[in-house]
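First the proteins, then the strands, lettered A, B, ... as listed; each starts at 1.
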Amino acid sequence: MSEQAVDAPQPKLTKKDFTSDQMVRWCPGCGDYAILSAIQNALPQIPEKKEDFVFISGIGCAARFPYYMSTYGFHTIHGRAPAVATGVKLANPKLNVWEITGDGDALAIGGNHFIHAIRRNIDINMLLFNNEIYGLTKGQYSPTSRFGQVTKSTPMGGIERPFSAGELALAAGGTFFARTIDTNPKLMTQIFVESSQHSGTSLIEILQNCVIFNDKAHGAVTGKEGKDDFQLHLEHGKPMLFGKEREKGLRLNGFRLEVVTIGENGIDQSDILIHDAYQHDSTVHNMLIRMSPPHFPMALGIIRAVKAPTYDQLVEQQYQASVEKASYKNVDQLLKSGNTWEVK
Amino acid sequence: MSEQAVDAPQPKLTKKDFTSDQMVRWCPGCGDYAILSAIQNALPQIPEKKEDFVFISGIGCAARFPYYMSTYGFHTIHGRAPAVATGVKLANPKLNVWEITGDGDALAIGGNHFIHAIRRNIDINMLLFNNEIYGLTKGQYSPTSRFGQVTKSTPMGGIERPFSAGELALAAGGTFFARTIDTNPKLMTQIFVESSQHSGTSLIEILQNCVIFNDKAHGAVTGKEGKDDFQLHLEHGKPMLFGKEREKGLRLNGFRLEVVTIGENGIDQSDILIHDAYQHDSTVHNMLIRMSPPHFPMALGIIRAVKAPTYDQLVEQQYQASVEKASYKNVDQLLKSGNTWEVK
Amino acid sequence: MSKTSPVELDKVVIRFAGDSGDGMQLTGSQFTYTSAMLGNDLATFPDFPAEIRAPQGTVEGVSGFQVQIGKVDIYTPGDRADVLIAMNPAALRSNIDWVRKGGNIIIDTDYFEDRNIKKAGYETNPLEDGSLDDYKIIEAPITSLTKTALKDIDLDNKSIVRCKNMFALGMMYWLFDRSRNETVKFLESKFRKYPVLIEANKKALDAGFNYAITIRAIASNYKIPPAKIEPGLYRHISGNQATAWGLLAAAEKVGKKLFYGSYPITPASDILHELSKYKNLGVITLQAEDEIAAVCSAIGASYAGQLGVTASAGPGIALKGEAIGLAIMAEIPLIVIDVQRGGPSTGLPTKTEQADLNLALYGRNSDSPCIVIAPSTPANCFQYIFEAARLTVEHMTPVIFLSDGYLANGSEPWKLPNINDLPPIQVQQFKENGQEYQPYLRDPDKKSRYWVIPGMAGYEHRIGGLEKQDVTGNVSYDPENHQKMIDIRADKVKTVANFIPEQKIIGAKSGELLLVGWGSTFGSMLSAVKELEKEGHPIGLVHINYLNPLPKNLEAILGDYKQILVGELNSGQLVGYLRQIYPQYKYQQLNKVQGLPFTITEIKDKIKSILNI
Amino acid sequence: MSKTSPVELDKVVIRFAGDSGDGMQLTGSQFTYTSAMLGNDLATFPDFPAEIRAPQGTVEGVSGFQVQIGKVDIYTPGDRADVLIAMNPAALRSNIDWVRKGGNIIIDTDYFEDRNIKKAGYETNPLEDGSLDDYKIIEAPITSLTKTALKDIDLDNKSIVRCKNMFALGMMYWLFDRSRNETVKFLESKFRKYPVLIEANKKALDAGFNYAITIRAIASNYKIPPAKIEPGLYRHISGNQATAWGLLAAAEKVGKKLFYGSYPITPASDILHELSKYKNLGVITLQAEDEIAAVCSAIGASYAGQLGVTASAGPGIALKGEAIGLAIMAEIPLIVIDVQRGGPSTGLPTKTEQADLNLALYGRNSDSPCIVIAPSTPANCFQYIFEAARLTVEHMTPVIFLSDGYLANGSEPWKLPNINDLPPIQVQQFKENGQEYQPYLRDPDKKSRYWVIPGMAGYEHRIGGLEKQDVTGNVSYDPENHQKMIDIRADKVKTVANFIPEQKIIGAKSGELLLVGWGSTFGSMLSAVKELEKEGHPIGLVHINYLNPLPKNLEAILGDYKQILVGELNSGQLVGYLRQIYPQYKYQQLNKVQGLPFTITEIKDKIKSILNI
Ligand SMILES: Cc1ncc(C[n+]2csc(CCOP(=O)(O)OP(=O)(O)O)c2C)c(N)n1
Ligand SMILES: Cc1ncc(C[n+]2csc(CCOP(=O)(O)OP(=O)(O)O)c2C)c(N)n1
Ligand code: SF4
Ligand code: SF4
Ligand SMILES: [Mg+2]
Ligand SMILES: [Mg+2]
């Protein structure tokens, strides 16, 4: 049991330690493979014991994930992973809990649990595989599918405006939001490691490609030109620069963000916004989240990471406080407390 | 049937026409009475036929509302009113559909339907009676209860950060958000009338007092001093002024709003922000929604009202487009279309 | 003090009724507590108005409290009241049907003027129109007498009038020869920060007591001597409280912390309120965003090694079916408490009904049996929820616990158990006898998996809702394996029958008629059977607490009687189930779906008509 | 072309199997369609892999398609194949059990090299190790022959290899003496924008056909002459498509628009896909955020005057219980389609099971009966969903429609009905015969409310989920009224028995044994009964489509046989229900929970063992 092993020296874990014996069964070319690999690379960098990692998923292609990890794993039911994960984390706050979910799982059937987990700021890491489609059920639109998109259930094009996972999370009080892409293993691994260090609900949106039902949905960002012109890699404290030569940047114009080119129209480095992931006010974070091609680059990296007490910490605090106050220490004493009488 | 009566002149309706014969059964002093009255005053001002008004509610004290209206009404199940109302509106877009909900009904069990209805921008009016408590079930905290609030289910104080209905709605793509209070009948009536004219989902948050389980939850805003210093009545195109003498106002300072006093520190009218409810960018609207005493006034009135196609309109458009294209006009023709063969 | 010696009675039923704001629940509990201290056996039931407060003086706003006390064993709060105290016309109107013909009714005449009479829906004044001729009416201007008694107290009028419930209680104390001491103590502690309120309430209590002596409206007062009660330490407990405490005891026994994930709903919410007080005992209560999140959080907690519990009433239980199916597939512990109420749909939220046996047995997709048990008295909710915990932990499959509004809100004296005497609860621990751990290895006797939880080094494994391969737990689409697992899950639940007590029989061990019931009808059924026995008609009573699986000896018992009568507060759910399981017998039915418990008379009448007696 | 005259057969079962990407579903459908045009009766069943594409060449990635064609009536796709075509080792391995001993297996030898043999999980090459000795093996290098045939075509290698399914189809066409015309037409229309693909596919088709002539691996080819089929216009239809189209027809008949609120789930999603194409017919499809929103939107649409329909599979149906209860209380039309799949929990999503009869009957809080019906063949999904619409509209209460994965994906030729011949569906319109409208007034015969919808002037009223007062529909907590309404709702559903057809009996009208089934097992049961009859063992078959209420004459029918055998693809849900409703009879059981339909042999064997024959 973990309690006994607290001080035992840990052998260094490797990717192999996190690979299960089950055959991976996604479609050839699916973005999920790269994500799996990035997680398996990230975990050894996180200073936790192997037996303390738990992966909780809902239902969907993405949600098969736990089967391929040789950690503890629970493939639950559609949309409910945040609730199960909340129970797991509260039951044992020492566990390092990862929730694996898709855009349908998290934002269609699971939308309510998603915003409530974030509101509570329970200390779990949510990986949202956003392929803008229902993969497992073979190609219906999801809440992140584009307006007008033709899918199996929208033969004339979709008429719903997509959710932005990040905006919703921030409106729900989200303390951590990052975005990454399945084509960038390094960025993924790095963000997974950093997100695990955040206390509170860390939401990581991964732009994932479903080759079968929504190929190149993120093509504008991941394609050859996209890579340079439409990816803005944010780092706290660094200016918001992008482009092949990092010649483009963002600056503030009134209430709006604006793309500018250094050297043009008298713009220089000092005009460029500096990324502040730690500021509590979510105004700029929201603006960054909302950006997308063709007028803006897509913001990647850790967009928001602010401190707030986590639900599990607060539960623990109330427990401690109540232990101090309580006049009974066990059930027997409780039973005998208050109004009782003796029959002889 | 309504279709036949389209051109018949309508007798002028009055409040009495909207009062049912059922005894109103809220607690004496409950804020719901004033809301009921305001709606009954508002409906005659809305150019619709009486039989076209429909009130759909979930479950809660608030949700008993339809019984007291002599319109069509359906008291459904907890949290699901947005989904039922969506079905009603799609079935008959001519209806004027009102959804009545409480903070628990809308944001706890109904949170997902709430954000999805708003995302679709279905043309209904949502009245959210926000008393920051579960009234009907006798006093548990709700998703809008304050952090630290002691309720029946949080004897040591609540440890969840409250939702802001408006912020959530905007993150979900909300096109209309207004806020009002049960102590201001005039404002309520006016907003109800105006919201009914918005096409798309109109969310109206009503700060409502539950005398029994959460008395004076909105006291800071509705109390004697609050009325002057902590209510900002927004009107599109008008400066954001408040205070007894309308001497205070809001101005922009970088990314933040700031309360200033006209005449002090060289501030004059021209420094004060002008309210633009129609701008699509939600940044300022979000800032206004987030304000609350003691550092800011509470924004009341119509905070956001932007144009976007409604779900019901888009459904109708696709219907029209498909009628033009279709090679069959009825089921018999459909059956015989495509691959058939004759057995003799 | 009166010196006439009081008339002795075996038992008496008293009903308090007034406006929601009149403090009748408090009055009733004080009377109850005092009687318990005097050694009476008793049972109580509050009769709340619908959830929202209705306008004062209307029938909808009336709140009632009924208690039966006795020197004999008491199993129910009684069919009809011997004494009703009615604080206004609405209270009289909505409670008169609950008074036996010839019973006493004490009336606060101050409220019997036109306006309130109309408000209550009377056309004429019932005190004058002869409609109360069948009852003994005691008219007392309770409110004005209270005001007079408190005229020297420095309190506003409203607060003074609020003391009228103590005046009424005082009258009752004299009538039933009870001491005021306990109530005085209670007042002194409750208002310890407001001495003036202590004084006012005590004065009102005394005034009522003395008034009753003075008017001697009832020829004499009564005495209900102490019952023969097993010695021990007692407290008064309601079903919901007993459920909460039973969970605390079980968690302590298992050595796991209690996790309670729930979404408020009448009549289950009080369990949440109660448990949220015991954080110091390690209880975590999560008020979830909805019922589905509630049960899923409990599943997560169980998976991670706590005792996961969720609760709701019918509409909420209907929402949990999919998740319960997951727990059945994952084979982990989970307790689902259903405090049943009147349905269908939102139905009658504050009324009782044995609504959901079918839902508990069948409310999930595909063949997904789980354990179902039901308590039968407010106090034994403690014992049976403890059993639920024992079974779910030892057999690694969900247990549904069917309480109801009557048990939840009803209360009775409860002899405190010795915690050490409670049965042990053994966690299914994996023992490495040379075999390697696999997630779907099973205990040979119980056929349950082992409870291996995250954090245990070397046992990492994956489970989920897709069909599992036997032993390995890997996902499997193999046809034969599916059949095997379907059979194993069914068999596992059947096997529980080896680990529960045999069915007890009360009364005749064979003969003409067997009465069969389950859950909250126990008190009325037992009373009916005892009374019939006294009348010379011995019949058998089988009251089932273990509903799935049924006790092994039940089949044989059913065969020992000529006729079987199954009584339930629904349209026939248990009887349908018995017809499925034991199709060889014929069953007759007694059903009532009125949001109310059975009266003893209803049961006796049905039995008499069957037996032609 | 071969001039040997083909051997005539009554019927034959053919199975196509290959990698998911090999186009086996297309090959199968083409063969089916051509056979239908030649006048054969037939039935098909696709055997999909689990939802996610598995790696090429693995057993998990195999996709199969089975068709039975005959000159005699065909009721099932057949127990075992007479001919299997296996495109690679994995296809062989996972399909070999579906071939009868002595059957023919055509094998693409190009894929039988080490790597693919290993991938399929074989230790040794099955073509060499003698494991196929019981079968007639026809080895053909299909892939390389296709490449050779298309070497002059200007196409990349991948596209050329993709044509191998046409080569295989060509072989089959020669073997069963079928013309290539229909497939040529199909190719010409499908690839009309890519002439090179038309050419390539046609060439492959011809090459396969000629190759079969050349090798004459099978002594001769076969002919299955046309069946005696009722004259008329036919098309091929699957259960899900028939369900969708039946809804279209019903909506047209009622004169209401169709509203379909659904959340995708296997195997129900295709109904959503299908219906979303018919916007021009007034259909509104809402892909809701979850199953609860789906059913609630349908309830809203029904309330406002459309025909509200929702659909899901087990896990999603479990979520809809609370809302179905609302529709029962509100007494409005609602169709709930459950395309059942293997469970419990997520279970076996792509496999068939008669999983949810109990859930349909009992999966709601309190006593809340509703109508339950089940189709029994892919094509008659049309007829029975139409019936569902008729019953829900005329009786104003929800209908649950129990399809399953087998019916949903299976297909058969369907004689087009004449839309005018479909029964009328009468909306319960309120007629003002002097009485004022009240929401819970009822039609005297059907006991249903009237469908009065928002927008109708002068009829404004309120309904909801709290218990309703009889007639007025006001909220009522009155005990007697509650009992009355519980009884009315039960009675209303019972009354439906007066408006449905009597139960038909197939085979012996009385005697030794009655076989009882429901839903998708019809084809196998019918075949078994017919075969037994031929063998001189006449028994009766009662296949139930109307499950609640049951047909009125069923009780008497059950009494006419010495023994009753109830067969289902679950652990005994119908049989439990029959034991409840008709406890006077004894029932035996045949149950199978393997995600697969019954084979005819399984049914016959069971019957034979019962009858000792
Ligand atoms: C209760 C329930 N409803 C519906 C389904 C069917 N279903 C399975 S996965 C899924 C959506 C998957 O989409 P997403 O979450 O985006 O995951 P992806 O497959 O794209 O990774 C649906 C609708 C289900 N399994 N359970
Ligand atoms: C499915 C279900 N779960 C729970 C309940 C119990 N319930 C009724 S109303 C309510 C909350 C009411 O709070 P709110 O929506 O804020 O309305 P208010 O009473 O404050 O107006 C709850 C939990 C229910 N009726 N149905
Ligand atoms: S369907 Fe799409 S998301 Fe699912 S495994 Fe295949 S490529 Fe990946
Ligand atoms: S409980 Fe609160 S919200 Fe409900 S009726 Fe009473 S005062 Fe109003
Ligand atoms: Mg997806
Ligand atoms: Mg509220």
Side-chain angles (χ1 to χ4, degrees), chain C residues 50 60 292 313-319 321-322 325-326 328-330 340 342-351 353 355-356 358-359 361-368 464-467 475 477 479-480 482-483 486-487 489-490 570-571 573 576-577 579-580 583 586-587 592-596, chain D residues 50 60 292 313-319 321-322 325-326 328-330 340 342-351 353 355-356 358-359 361-368 464-467 475 477 479-480 482-483 486-487 489-490 570-571 573 576-577 579-580 583 586-587 592-596:
Chain C
E60 289 76 16
I292 302 174
I317 298 294
L319 290 167
E322 193 207 2
L326 174 66
I328 288 172
M329 192 67 123
Q340 302 162 97
S345 193
T346 310
L348 296 159
T350 53
K351 303 291 170 186
E353 191 168 298
D356 304 335
N358 274 338
L359 182 63
L361 293 168
Y362 308 116
R364 295 165 293 279
N365 51 309
S366 187
D367 295 320
S368 46
L466 287 165
E467 183 58 290
V475 174
Y477 286 85
E480 268 89 38
H482 181 40
Q483 181 79 60
I486 285 271
D487 294 343
R489 283 185 292 261
N570 60 45
S571 301
Q573 302 187 15
Y577 178 57
R579 284 192 181 114
Q580 280 196 46
K586 285 221 167 100
Y587 303 88
K592 173 174 174 180
V593 200
Q594 305 185 1
L596 295 169
Chain D
E60 289 76 16
I292 302 175
I317 298 294
L319 290 167
E322 192 206 3
L326 174 66
I328 289 172
M329 192 65 124
Q340 302 162 96
S345 192
T346 309
L348 296 160
T350 54
K351 303 290 170 187
E353 191 168 298
D356 304 335
N358 275 339
L359 182 63
L361 292 168
Y362 307 116
R364 294 165 294 280
N365 52 310
S366 187
D367 296 319
S368 46
L466 287 164
E467 182 58 291
V475 174
Y477 285 85
E480 268 89 35
H482 181 40
Q483 181 79 61
I486 285 273
D487 295 343
R489 283 183 292 260
N570 61 45
S571 301
Q573 302 188 13
Y577 178 56
R579 284 191 182 115
Q580 280 195 46
K586 284 220 166 103
Y587 304 88
K592 173 174 175 181
V593 199
Q594 304 186 1
L596 295 170

| query | Residues in ring-ring contact (aromatic ring centres under 6.0 Å, His included) with D:Y587, at least two apart? | reply | none
| task | Name the member of C:K351, C:K592, C:R489, C:Q340 that forms the most heavy-atom pairs with chain D at distances under 4.5 Å. | result | C:R489
| CD1 of D:I317 to CD of C:E322: how many Å apart, nearest 0.5 Å? | 11.5 Å
| request: With rounding to the nearest 0.5 Å, note down the distance linking OG in D:S366 to NE2 in D:H482. | output: 6.0 Å
| field | Side chain C:Q483, main chain D:V593, donor-acceptor under 3.5 Å | value | yes
| said: If the condition is side-chain hydrogen bond (donor to acceptor under 3.5 Å, both in side chains), which residues does D:Q580 pass it with, not counting sequence neighbours? | reply: D:Y362
| field | Contacting moiety of C:L596, where chain D heavy atoms sit under 4.5 Å | value | side chain
| Looking at D:D356, D:L348, D:I486, which has the largest count of heavy-atom pairs under 4.5 Å with chain C? | D:L348
| remark: Applying a strict 4.5 Å limit to non-hydrogen atoms, the region of C:L326 in contact with chain D is both
| request: Check the side chains of D:D367 and C:Q573 for a donor-acceptor pair under 3.5 angstrom, ignoring hydrogens and angles. | output: yes
| query | Relative to chain D, which segment of C:L361 carries a heavy atom at a distance below 4.5 Å: side chain, backbone, both, or neither? | reply | neither
| task | Please determine, among C:S368, C:G347, C:G363, C:G343, the option with the most heavy-atom pairs under 4.5 Å with chain D. | result | C:G347
| message | With chain D as the partner, which of C:P583, C:G595, C:G465 has the greatest number of non-hydrogen pairs under 4.5 Å? | response | C:G465
| message | If we define contacts as heavy-atom pairs under 4.5 Å, which of C:P479, C:G464, C:A318 has the most with chain D? | response | C:P479
